[in-house]
Chemist: 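This is the structure I want to talk about, given as structure tokens.
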Amino acid sequence: QQKVQQSPESLSVPEGGMASLNCTSSDRNFQYFWWYRQHSGEGPKALMSIFSDGDKKEGRFTAHLNKASLHVSLHIRDSQPSDSALYFCAASEPNTGKLTFGDGTVLTVKP
Amino acid sequence: EAAVTQSPRNKVTVTGGNVTLSCRQTNSHNYMYWYRQDTGHGLRLIHYSYGAGNLQIGDVPDGYKATRTTQEDFFLLLELASPSQTSLYFCASSRDIQDTQYFGPGTRLLVL
């Protein structure tokens, strides 16, 4: 079983709408979580990290972590066409720092 | 913004060929990483390093060697390339073990 699972595989929202992406880990060794975004033809770029239970907000982006269920989500409000990209959830163990990535969610924001 | 460069950007080789992918970071970061990205598998860690001369095994190391010659430079070596190694390869760097990783633009490798 894959250790980091993302859903949905793809998502389409209208411009100005809310996009919600989900990620679940099956490994309780994972303590730290990141969201990365990759535009076509580029390398991934970190959006935000979350290590504590609850919400973390950075501009239009809000991440939520529930450590008990190992579930992390990313919510993008007022979505823009420039937000169209592949979004990865990644998790790491405290000691090694190695990142394990999910397969990604393709977000399309339609004007 | 942290800077990570990769070369070449595209590479074509034949089965059994010898390939070296290069990565340089000018961020004074301690950690460097090599990943491969394949459709349906996300990004998978091949090797990583926490300093010159150091090498750590990642999650998919078979068929790959790596060498960190300086703080700035990290190389990925495919000594007997196989078609299964056709992929998009990314290098990344981070200041410390749990810090944000900064990715390069990628190298697309095709093994015929």
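Just so it is clear, the model here is predicted, and its values are computed rather than measured. Proteins come first, then strands; the chains are lettered A, B, ... in the order of their sequence lines, and each starts at number 1.
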Chemist: How about Phe61(A): does its CZ atom have over 12 heavy atoms from other parts shown lying under 6.0 Å from it?
Modeler: yes
Chemist: In terms of hydrophobic clusters joined by side-chain contacts under 4.5 Å, are Leu76(B) and Phe74(B) together?
Modeler: yes
Chemist: Around atom CZ of Arg108(B), are there more than 12 heavy atoms from other residues, nucleotides or ligands closer than 6.0 Å?
Modeler: no
Chemist: Taking atom CG of Leu43(B) and atom CG of Asp103(A), what is their separation to the nearest 0.5 Å?
Modeler: 10.0 Å
Chemist: Can you give me the closest heavy-atom contact between Gly41(A) and Arg9(B), atom names plus distance?
Modeler: O-NH2, 4.3 Å
Chemist: Report which part of Gln101(B) has an atom under 4.5 Å of a heavy atom belonging to chain A: side chain, backbone, both, or neither.
Modeler: both
Chemist: Quick check on the hydrophobic clustering: are Phe88(A) and Leu107(A) connected, directly or via other members, by side-chain heavy-atom contacts under 4.5 Å?
Modeler: no
Chemist: Consider only side-chain heavy atoms of I, L, V, M, F, W and Y, link residues closer than 4.5 Å, and tell whether Val111(B) and Leu88(B) are in one cluster.
Modeler: no
Chemist: So which atom in Gln98(B) and which in Trp34(A) form the shortest heavy-atom distance, rounded to 0.1 Å?
Modeler: O-CZ2, 3.1 Å
Chemist: Using non-hydrogen atoms and a 4.5 Å limit, figure out which bit of Leu45(B) sits close to chain A: side chain, backbone, both or neither.
Modeler: side chain
Chemist: Does Ile46(B) belong to the same Ile/Leu/Val/Met/Phe/Trp/Tyr cluster as Met32(B), with side-chain heavy atoms less than 4.5 Å apart forming each link?
Modeler: yes
Chemist: Should we say atom NZ of Lys56(A) is surrounded by more than 12 heavy atoms from elsewhere, each under 6.0 Å from it?
Modeler: yes
Chemist: Does any backbone or side-chain atom of Tyr35(B) lie under 4.5 Å from a heavy atom of chain A? Answer side chain, backbone, both or neither.
Modeler: side chain
Chemist: Check whether any side-chain heavy atom of Gln37(B) lies under 4.5 Å from a side-chain heavy atom of Gln38(A), and answer yes or no.
Modeler: yes
Chemist: What part of Glu93(A) gets closer than 4.5 Å to chain B, counting heavy atoms only: side chain, backbone, both or neither?
Modeler: backbone
Chemist: Go through Asp99(B), Thr100(B), Ile97(B) and name the one with the most non-hydrogen pairs under 4.5 angstrom from chain A.
Modeler: Ile97(B)
